[in-house]
Number of protein chains: 2
Amino acid sequence: MVKPVRFSVDDILDAATQAVHQHWRSATVAHVTAVLGAPSGSIYHRFASRDALFASAWIRAVRRYHAQFDEIAAIADPVQAIVETGMLLPRFCRANPLDARMLTVFRYRDLQADPPAGLHDALQDLNAPVGRLLSELAERRYGRVSTRGLALVALAARDTPLGMVRPLIGDPIPDWMDEPIRAACEAVALLDDH
Amino acid sequence: MVKPVRFSVDDILDAATQAVHQHWRSATVAHVTAVLGAPSGSIYHRFASRDALFASAWIRAVRRYHAQFDEIAAIADPVQAIVETGMLLPRFCRANPLDARMLTVFRYRDLQADPPAGLHDALQDLNAPVGRLLSELAERRYGRVSTRGLALVALAARDTPLGMVRPLIGDPIPDWMDEPIRAACEAVALLDDH
DNA sequence: GGTCATCTAGAGACCGGTGTCTATTTGGAG
DNA sequence: CTCCAAATAGACACCGGTCTCTAGATGACC
């Protein structure tokens with residue numbers, strides 16, 4: 001029917017991710033157009049604003065990260081399941097270094113606090129897979145879902161590995177990091193749910 | 001001799017820290033002048049640029065954090081010394097929440113990569129206390145200073161607690177966090193220096 | 001009281017980035 | 001071929017933030 005698409009949404013998000021890789025938080029729409037070889041009009045044709053563009057790229061990266069969660073259910077031992085959940089992060093960083101860097105640009109809390117135009121709903125649902133996984137892990141680990149149990153599991157499976165890996169994101173994560181990450185996750189996962 | 005100072009360097013840094021507390025990375029010079037009740041000229045009279053201002057406030061916060069390091073030498077057991085080094089961070093966040101938030105605005109690596117006008121030297125020396133402390137801890141823990149040993153100690157005493165605490169910085173760090181932080185630090189500190 | 005260095009004071013120039021507006025291209029359908 | 005919706009194309013208006021520039025205030029010292 002119409003003029004064929006030259007810059008698809010995914011093309012633009014790829015370029016945005018590339019621009020963030022190079023300029024991190026100071027990436028601009030001009031950087032994206034430079035990567036893409038497109039004028040700014042083509043960007044604004046598909047995205048309401050600069051913020052909506054970069055937030056969309058962030059959301060796509062988060063979803064790709066969540067896509068790894070399936071395999072955790074197959075791990076029998078609860079503590080090991082928590083540890084392996086933690087290990088998903090360094091693995092993701094190695095497999096998708098650009099998306100990993102994209103992940104560090106926003107915090108979920110901030111985006112949800114005032115969502116860029118049109119992304120309110122996408123952000124609403126975004127964290128559900130994490131919530132589900134953590135609840136399931138807490139349930140399996142402690143036999144019930146307590147506030148503290150949930151907090152411990154979140155700390156073990158999410159915050160601890162993230163903190164250890166974060167300073168390196170952008171560069172490759174060395175293999176020797178795996179052992180200490182496992183050790184830290186496991187130590188937290190072994191704590192008692194009082 | 002001259003006109004008395006109405007806005008000292010420390011006053012301005014306090015205001016910058018306050019502005020960062022409210023606006024985080026998007027804090028502007030105008031936000032600082034609003035807190036301080038001073039015109040922008042008074043800010044630029046003492047600081048070469050916006051970046052130099054905020055970086056100076058960051059450096060002051062880092063130095064205050066380093067000021068806690070002295071007491072670690074007194075701890076006899078090496079592993080415990082590493083764990084207590086890790087615990088300095090949550091303690092600092094509780095005692096100086098505004099400076100803690102300031103700490104999250106820059107990364108040492110980025111600032112050193114291109115230092116704001118006039119801060120090159122200050123940044124050069126800034127990390128020395130950390131380097132000294134970590135070397136000392138690695139030496140005590142493993143009886144020698146290996147690359148891997150140093151990396152493990154850095155991970156245990158610095159990155160792990162930072163990662164666990166980071167998502168909460170800005171809000172108060174709850175007391176129940178101490179136990180998991182200790183557990184994670186200790187687990188990493190107990191790993192072998194191959 | 002005059003002098004001078006230092007500092008306050010604030011208006012606005014300047015600059016880079018966002019987002020708009022209009023023109024143009026494209027190819028299938030009639 | 002003509003028409004139309006969808007998309008590209010890019011010039012530039014606009015805006016918020018940084019930083020400059022000039023004027024004026026202040027008080028120690030002579």
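Convention: sequence-line order gives letters A, B, ...; per-chain numbering from 1.
- Distances were taken from every side-chain heavy atom of V29(B) (C-beta onward) to each of dT18(D), dT8(D), dG27(C); the shortest belongs to dT18(D).
- Between F106(B) and W58(B), the two ring planes are perpendicular [angle over 60°; tilted spans 30° to 60°].
- Within the 3.5 Å criterion, the main-chain N or O of L126(A) finds no donor-acceptor partner in the side chain of R63(A).
- The distance from atom CZ of R6(B) to atom P of dA25(D) is 14 Å, rounded to the nearest whole Å.
- With dG17(D), dT26(C), dA7(D) as the candidates, the nucleotide lying closest to the side chain of T28(B) is dG17(D).
- Closest approach to the S49(B) side chain among dA7(D), dA9(D), dC19(D) is made by dC19(D) (side chain taken as heavy atoms from C-beta onward).
- When rounded to the nearest whole Å, the span between CZ of R50(B) and C1' of dT20(D) equals 18 Å.
- Rounded to an integer number of Å, the gap from R46(B) CZ to dA5(C) P is 18 Å.
- One atom, CG of D51(B), and another, C1' of dC19(D), lie 12 Å apart when rounded to the nearest Å.
- The NE2 atom of H45(A) sits 10 Å away from the C1' atom of dA5(D) (whole-angstrom rounding).
- Of the possible polar contacts, none joining the R182(B) side chain to the M177(B) backbone as a donor-acceptor pair under 3.5 Å is found.
- Looking at which nucleotide of DNA chain C each of S40(A) and H31(A) is closest to, the 5′-most match is held by H31(A).
- The distance from atom NE2 of H23(B) to atom P of dG16(D) is 15 Å, rounded to the nearest whole Å.
- As rounded to whole Å, 14 Å separates atom C1' of dC21(C) from atom OH of Y44(A).
- R148(A) places no side-chain N or O within donor-acceptor distance of the main-chain N or O of D193(A), the cut-off being under 3.5 Å.
- Computed from coordinates, the F47(B) CZ to dT20(D) P distance equals 15 Å when rounded to whole Å.
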